[in-house]
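Everything below concerns the one structure shown next.
Bear in mind the structure is a predicted one, so any value in this text is a computation, not a measurement. So that the names make sense, note that chain A is the first sequence line, chain B the second, and so on, each numbered from 1.
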Amino acid sequence: MACCNRPESSAMTVRTRFAPSPTGYLHVGGARTALFSYLFARRHGGQFVLRIEDTDLERSTAESVNAIMEGMTWLGLDYDEGPFFQTERFERYQTIIDELLDKGLAYRCDCPKERLERLRDKQMAAKVKPRYDGHCRGRQIDPEQPHVVRFKNPVDGAVIVEDLIRGRVPFANAELDDLIIRRSDGSPTYNLTVVVDDAEMEISHVIRGDDHLTNTPRQINILKALGHEPPKYAHVPMILGPDGKRLSKRHGAVSVVAYRDAGYLPEALLNYLIRLGWSHGDQEVFSLDEMISLFDIADVNTAASAFNVDKLDWLNQHYIQHADPLRIARLLSPHMGEIGIDPSEGPDLVAVVEAQAARAKTLTELARISAFCYQDFDDYEETAAKKHLRPVARPALERLRAELDMLALEDWEPETLHRVIERVSEALELNMGKVAQPLRVAIVGRAASPGIDITLQLVGKAATLRRIDRALAFIDARAANG
RNA sequence: GCUCCCUUCGUCUAGUGGUUAGGACGUCGGCCUCUCACGCCGGUAACAGGGGUUCGAAUCCCCUAGGGAGCGCCA
């Protein structure tokens, strides 16, 4: 296959779709299928369609629709068409079902629930797959009486699913049964609507989770009955939780917007997601443009993969570090607000980002470690204070306070500040660490921060002096308490 | 139970009959250094098991085990 340039790809228009049911939030598994569909369409210059599969009136909600769209928007997965709602196409489905009925490709069934249950129990006991037995196939049922409509599935032969990811997957028709395509309340069911929509929306490639693989032969049969050519299918493996079990809420964040709120960048999540089940040699970091030009659905793996937050964190840190600091500052601002800080009251947030970007895995962490630039901290970190705010540090801090106090405001910049600290170290015959660390703990409350000169600059003169005084008092109090 | 799918370091993966089984995250050690982080260097660690096919199998076939999905008037 590496020999040819796929003549069909230029001949046909690629159209993919993402078709979530609005019964919850957009989760990472759905987001990845959406990403794959999006990339595949973009890569081939085709269209990406969003379709909301809301035929389950009981469970579908408008909030879910909004949540899904919010997730898509945040990730930047823009669609060319839609959102289409299946509830708005009910008439169309009815027409199709009636046609199938007229052509004898579907039939009415009034089997009571009890009969079906008995049948099922018997089949399970006989160790065969529970299936509808076609009891009503030849019966004439009064359309005015309560009934469902079943699709007349071929009895023999086989359906071969030509999956772009898994290859040929055969299913015997004998394994399939006559599934319900119209409920007794008159509403169409999933397997019917999905087929009608994919055909009428001219979807060329159906990319979806592999939990749909066993539905595919049924859908192909319906498609054929309707006289449509089946699209190409690609069933992508599932995403599992970090423990290898099915992803669920107990694994923490599964919803895409939860990652946004936790301080992740959309490009980091996208980059993480695309590497789950897909790769391009040894490359780990992909821009959206690279994804579009390199992604091919046929290269997707067959095995499920576990979601690993450590790697996501690494990517997120990478992107925080390499993105435009101005953009990061804008995204960081609300996270500062979350912890009660107004970034307009203090140093330029962009400067803070430049100083701190390499130190945070998420925006929330970035906010947390940068709070000291805007407000006095509550308590010293215990081990840091114990180690650095000792009486031995007093002379250095006193000397620093005096020298820094003499600095003019316009000299309050890294170079000058650095020289002051150097001068104090030399004068007291101490190495830099013995001077900078106590100072750092005094200013930040912790033993970790950007370079001490940058740290002082960001904090500003007034707060620096204030905090040194506080540290001196702390040392004295400690000495007094033994 | 039946049908289908899956199985390379802890995790994500490269690999398509001949490789010292490569990379990344994590982890461990080191360098850099005023701290933390970044960065750099190095280490640890895998072909689920068993049979075949073959001169030769991670790669092809079969079986077993383990995991998953479907078998809905859910999607």
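- Taking the side chain of A:Ile180 as heavy atoms from C-beta on, and the options B:rC25, B:rC5, B:rC73, the nearest nucleotide is B:rC73.
- Nucleotides B:rC6 and B:rA24 are separated by 29 Å at their P atoms, to the nearest Å.
- Of the candidate nucleotides B:rG70, B:rA69, B:rG23, B:rG23 has the atom nearest to the side chain of A:Lys311.
- Rounded to the nearest Å, the gap between the C1' atom of B:rG15 and that of B:rU7 is 16 Å.
- No hydrogens or angles were tested; on distance alone, nothing pairs the side chain of A:Asp211 with the base of B:rA75 as donor and acceptor under 3.5 Å.
- Base pairing of B:rG10 is made with B:rC25, judged by Watson-Crick or G-U wobble geometry with both donor-acceptor distances under 3.5 Å.
- With respect to A:Arg327 and A:Glu267, a salt bridge is recorded, a charged nitrogen being found less than 4.0 Å from a carboxylate O.
- The side chain of A:Arg275 sits closest to B:rU13 out of B:rG1, B:rU13, B:rU35.
- In this structure, CD1 of A:Ile454 is placed 14 Å from C1' of B:rA37, rounded to the nearest angstrom.
- Distance, A:Leu240 CG to B:rC12 P: 8 Å, rounded to whole Å.
- Between A:Phe307 and A:Tyr259, the gap from one ring centroid to the other is short of 6.0 Å.
- For A:His418 and A:Phe171, each mapped to the nucleotide of RNA chain B holding its nearest heavy atom, the one lying further toward the 5' end belongs to A:Phe171.
- Which of B:rC38, B:rU3, B:rC73 sits closest to the side chain of A:Glu175 comes down to B:rU3.
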Taking it one step at a time, do A:Asn191 and A:Thr189 satisfy side chain to side chain donor-acceptor pair (under 3.5 Å)? CA-CA 6 Å; A:Asn191 279 299; A:Thr189 61; 5.8 Å; no
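- Nearest nucleotide to the A:Lys127 side chain, out of B:rG1, B:rC25, B:rU35: B:rG1.
- Listed nucleotides: B:rC25, B:rA75, B:rC34. Nearest to the side chain of A:Trp314: B:rC25.
- Of the candidates B:rC25, B:rG23, B:rU35, B:rG23 carries the atom nearest the A:Asp282 side chain, counting heavy atoms from C-beta on.
- Regarding A:Ile452, its CD1 atom lies at a distance of 11 Å from the P atom of B:rU35, rounded to whole Å.
- The same atom, P, is picked in B:rC12 and in B:rC62; the two are 26 Å apart, to the nearest Å.
- Out of B:rG72, B:rC4, B:rG26, the shortest distance to the side chain of A:Arg120 is found at B:rG72.
- Looking at A:Arg359, its side chain comes within 3.5 Å of the base of B:rC36 through a donor and an acceptor atom.
- You'll find a donor-acceptor pair under 3.5 Å spanning the side chain of A:Ser184 and the base of B:rC73, going by distance alone.
- Between the side chain of A:Arg166 and the base of B:rC5 there is no donor-acceptor pair of N/O atoms closer than 3.5 Å.
- Comparing atom distances between the A:Pro170 side chain and each of B:rC34, B:rC5, B:rC25 picks out B:rC5 as nearest.
- Base pairing analysis places B:rG72 opposite nothing; no Watson-Crick or G-U wobble pair with both distances below 3.5 Å involves it.
- Going from the C1' atom of B:rC40 to that of B:rC63 covers 50 Å, rounded to whole Å.
- A cation-pi arrangement is absent between A:Arg446 and A:Phe377, since the terminal nitrogen or guanidinium carbon is not both under 6.0 Å from the aromatic centre and inside a 45° cone about the axis.
- Under the 4.5 Å side-chain criterion, counting only non-hydrogen atoms from C-beta, A:Leu75 is not in contact with A:Leu35.
- Using N1 to N3 plus N6-O4 or O6-N4 for Watson-Crick, or N1-O2 and O6-N3 for G-U wobble, each under 3.5 Å, B:rC36 pairs with nothing.
- Minimum atom distance to the side chain of A:Ala436 is reached by B:rC34, of the listed B:rC34, B:rA75, B:rC38.
- One can find a donor-acceptor pair under 3.5 Å joining the base of B:rG23 and the side-chain atoms of A:Glu284.
- In terms of position along RNA chain B, the nucleotide closest to A:Gly281 lies nearer the 5' end than the nucleotide closest to the other residue of the pair A:Gly281 and A:Lys113.
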